[in-house]
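For reference, the structure discussed in these notes is given below.
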Amino acid sequence: MSWKPQASLEVLRLRASLLARIRNFFEARGVLEVETPVLGHAGVTDPFIESLRSGELYLQTSPELAMKRLLAAGSGPIFQICKAFRAGEAGTRHNPEFTMLEWYQPGYDHHALMDEVDLLLQEVLETESAERETFGALFLSHVGLDPHTADRNALERAARAVGEAPFAASGLEVDDWLNLLMARVIEPQLGQDRPFFVYDYPVCLKALARLRDETPPVAERFELYYRGMELANGYHELTDLREQRARFEDDRKRREALGLAAVHEDGLFLDALEAGLPKSAGVALGFDRLVMIAASATSIRDVLSFPLDTP
Amino acid sequence: MASSYGINQLRTGLKILVDNAPCVIIDLDLVKPGKGQAFTRVKFRNLKTGRMLEKTVKSGESIEGADVLETEMQYLYSDGEFWHYMDPNSYEQYQADAAAVGDASKWLKEEVQCSVTLYNNVIIQVTPPMFVELEVVETEPGIRGDTAGTGGKTAKLETGTVVRVPLFVQLGEKLKLDTRTGEYVGRVKD
């Protein structure tokens, strides 16, 4: 192993210039830069994200809940560029420690925020304006199934038909199959020429998005894909306290079913929701992946000064 | 019996069992949507057929290891059906069939050291040394003075393999050959 940086100095200069461009973009739009703690008492409840721990404390997997506490306190539009940590995530697009750009716009819905993400990319990466398609239409055209109604068996058959089935498929739920087909079949084809937004997700992929009650009901969530890679995930944010408690409870049950350690939910975040989170939209964008695209890098390691080495 | 591996124990080079076939892991990558189940993309090569394949494994799954050993053995002789090898440390003898020996048979001369792949203590693959030295047993008379090696002719080696050689090569000479390309490298002076 060499002591030298993995990213070239040229790429490190590119990182710096992209950071400066992002800060200029938000400054010009009156979005306040904030910092929230990287280290805290609450871990992430999401059953598929594992926090790194230091004694009784957790390193953040995302600044989301702390930033929502700022919104509830009346901060107005805010953005943050910070480190986030996720145990075990290492690969060509993942490093256990990574840089996240996250921002919130009170009064926006997910479409208004997609417009703003699109403008950011046009300014920072000089992209063309983005395309947009619903998760339902996209899935139907690529996989031939309606993701809002397809059951586990139909999804498993579709995955097997294209050679995309895990060794042991048992235990995979509808949301797992949707994620697998999205990641392995659809994602590589998205945004080859220009950024591509996918929006209005099946309810089982709601995460922390607000639900829109129509037939079928949809989660007001979006993801951004560019050059075949997921770059960002955003929501028209859930602001309902009772619904948020129910989602924490779902996470707790699923963690238990999967045999994972229990994680205490963030009580101060729930207090903030109770006090009132303004209607808003928020998005998290993987900054390292943005640099990968700007540098035409095929591995995240090549845009990090010192990626974490696997043993 | 080989053990099984958890997903985060997988490494390139590890031998695993896929559909009852011994395979070696060539490449791994994490497939992880921001929200949702993590998968690992495993690219592997079937050690018997050489075919490259890919599979997706979900975290929490385990993969059976294959009891595969790569070692050096001395080639002894062929009885027409099997090729016989000896482990130089234990003096234990092994036999390999035509499927396992494959193209290596073109270069195998008695007593040569080969790397062999053992699966459940049976030879499934034989790799000859990168370079072998073999005697010419049949070729047209050499043209002396044509040391530039222009043109060329064929020569039959002591293993029965026919290779292209420069015109100056003589009957009975020993040649150095590259087993990866099957090409003549040079003459060996005793």
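The chains referred to below are lettered A, B, ... by the order of the sequence lines, with proteins before strands, and numbering in each begins at 1. Predicted model, so just to flag it, every value in this text is computed and none were measured.
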Note to self: With a 6.0 Å cut-off (strictly less than), is the heavy-atom count around CG of Asn20(B), excluding the residue itself, greater than 12?
What the structure shows: no
Margin query: At a 4.5 Å cut-off on heavy atoms, which part of Glu230(A) comes close to chain B: side chain, backbone, both, or neither?
Written below: side chain
Check: Checking Leu205(A) against chain B: side chain, backbone, both or neither under 4.5 Å from a heavy atom?
Finding: neither
Next item on the list: Heavy-atom pairs under 4.5 Å with chain B are the metric here; pick the option from Asp175(A), Leu258(A), Asp46(A), Leu180(A) that has the most.
Entry: Leu180(A)
Check: Does Tyr94(B) have its ring centroid less than 6.0 Å away from the ring centroid of Tyr85(B)?
Finding: no
Next item on the list: Establish, for the pair Arg180(B) and Phe131(B), whether the NZ or CZ atom is under 6.0 angstrom from the six-membered ring centre and no further than 45 degrees off its axis.
Entry: yes
Note to self: As an exercise: rank Ile49(A), Thr92(A), Asn233(A) by heavy-atom pairs under 4.5 Å with chain B and give me the winner.
What the structure shows: Thr92(A)
Item checked: Partner chain B: residue of Glu223(A), His94(A), Arg93(A) with the largest heavy-atom pair count (under 4.5 Å) -> His94(A)
Note to self: Quick check on the interface: out of Glu89(A), Arg184(A), Met182(A), who has the most heavy-atom pairs with chain B under 4.5 Å?
What the structure shows: Arg184(A)
Item checked: Which atoms of Arg254(A) approach chain B - backbone, side chain, both or neither, heavy atom under 4.5 Å -> neither
Check: What do you reckon, is CZ of Arg152(A) surrounded by more than 12 foreign heavy atoms closer than 6.0 Å?
Finding: no
Notebook entry, point to check: Just wondering, do Met229(A) and Ile293(A) contact through their side chains at under 4.5 Å, heavy atoms?
Noted result: yes
Check: Can you check whether Phe222(A) and His110(A) have ring centres sitting under 6.0 Å from each other?
Finding: no
Next item on the list: Give, as side chain, backbone, both or neither, the part of Asp29(B) having an atom under 4.5 angstrom from any heavy atom of chain A.
Entry: side chain
